[in-house]
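Below you'll find the structure, written out as structure tokens, and then a few comments.
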Amino acid sequence: MGRDVIIACDFPSAEKTLSFLDRFTGRKPFVKIGMELFYAEGPAVVRAIKERGHRIFLDLKLHDIPNTVKKTMAVLSSLDVDIVNCHASGTVRMMEAALEGLTRPDGTRPLLIAVTQLTSTDQEAMENDLWIREPIDRVVMHYAENARRAGLDGVVCSPLEAGKVHEVCGADFLTVTPGVRFADGEIGDQKRVMTPAAAREIGSDYIVVGRPITAAADPVDAYRRCVEDFVD
Ligand code: C5P
């Protein structure tokens with residue numbers, strides 16, 4: 001799979017999501033389904049979006065004991081999505097179990113990527129709440145290396161970290177990066193942002209774009225601008 005723009009469909013219902021996707025009559029966007037939509041609508045919404053021909057990143061961020069993650073990944077694998085994820089902080093053994101559960105009898109599987117540290121976690125919270133005393137950028141790189149050691153395909157990270165992750169983990173280790181904004185757009189609650197063109201320059205493989213597309217006056221045009229700047 002080459003570079004692509006993934007739209008974060010952070011809608012509360014299948015109805016809202018499907019009517020949003022109805023607008024896209026040309027290029028079919030790669031869609032991210034998160035916890036809100038999945039917990040509201042279950043696997044049916046995944047199947048409905050898949051049936052319409054979209055590629056899907058199912059962003060459920062699994063984190064549990066290895067056996068539970070393995071069995072859950074087997075269930076997600078049967079949904080035939082394109083990318084799923086888990087938390088790197090669940091340990092290398094948990095990530096290996098995730099990969100095992102995800103792999104179908106014929107050897108095929110969705111791509112598996114890891115969340116390193118959430119971008120909502122800062123140095124202070126990491127030290128005070130999690131008792132991790134290393135600098136956060138070193139922690140992110142260590143978790144990315146753990147994901148690669150476990151055999152995963154890549155990580156979710158800030159576009160600002162994408163270049164370093166490729167340096168440390170290899171050019172073919174995927175970087176999937178949220179926190180993307182147009183130069184003339186609202187930043188909202190994201191802190192460290194980058195434009196689609198800059199994310200491309202730094203080597204992101206996939207950008208995850210939510211509100212700059214979903215809340216735009218013309219979402220199809222906003223998506224087209226992202227594709228133009230990031231993919232074409
Ligand atoms: O609307 P916005 O473009 O900020 O959406 C970004 C999407 O990426 C949201 O679905 C958000 O939950 C997700 N995300 C993120 N930062 C992370 C991981 C996921 O913004 N570190």
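These values consider heavy atoms only, across backbone and side chains, with no hydrogens, waters or symmetry-generated copies. All residue numbers refer to positions in the sequence shown, counting from 1. Numbering of ligands and ligand atoms starts at 1, following listing order.
- Of the polar atoms of K32, at least one N or O is found under 3.5 Å from an N or O of ligand 1, judged by distance alone.
- Within ligand 1, the atoms closer than 4.0 Å to a non-hydrogen atom of G210 are 1 (O), 2 (P), 3 (O), 5 (O), numbered from 1 in the order shown.
- The only option from L112, V115, V69 that meets the side-chain contact (heavy atoms from CB on, under 4.5 Å) definition with L62 turns out to be V69.
- Any N or O atom pair closer than 3.5 Å counts here, and L118 shares no such pair with ligand 1.
- V180 and V193 are assigned to two separate hydrophobic clusters, defined by single-linkage of ILVMFWY side chains at heavy-atom distances under 4.5 Å.
- The shortest separation from a heavy atom of P212 to ligand 1 is under 4.0 Å, placing the residue in contact.
- Relative orientation of the H87 and H63 rings is tilted, given thresholds of 30° and 60° on the angle between their planes.
- Nearest to atom 6 (C) of ligand 1 among the protein's heavy atoms is Q190 NE2, 3.8 Å.
- Scanning all protein heavy atoms for the shortest distance to atom 19 (C) of ligand 1 gives P178 CG, 3.8 Å.
- Between R23 and D221 there is no salt bridge, since no side-chain nitrogen of the basic residue lies less than 4.0 Å from a carboxylate oxygen of the acidic one.
- Distances below 4.0 Å separate heavy atoms of R211 from the following atoms of ligand 1: 1 (O), 2 (P), 3 (O), 4 (O).
- For atom 21 (N) of ligand 1, the nearest protein heavy atom (residue, atom name, distance) is T119 OG1, 2.9 Å.
- Y223 does not carry R27 over the face of its six-membered ring by the limits of under 6.0 Å from the centre and within 45° of the normal.
- Near R181, meaning under 4.0 Å from any of its heavy atoms, are these atoms of ligand 1: 1 (O), 2 (P), 3 (O), 4 (O).
- Nearest protein heavy-atom neighbour of atom 9 (C) of ligand 1: D10 OD2, 3.4 Å.
- The line from OG of S204 to CZ of R3 is 10.0 Å long, rounded to the nearest 0.5 Å.
- Sparse packing is recorded around CD of E15, with 12 or fewer heavy atoms of other residues, nucleotides or ligands lying under 6.0 Å away.
- Per-residue contacts place A8 under 4.0 angstrom from the following atoms of ligand 1 (heavy atoms of the residue considered): 7 (C), 10 (O).
- Checked by atom type, the side-chain pair H166/D172 shows no donor-acceptor distance below 3.5 Å.
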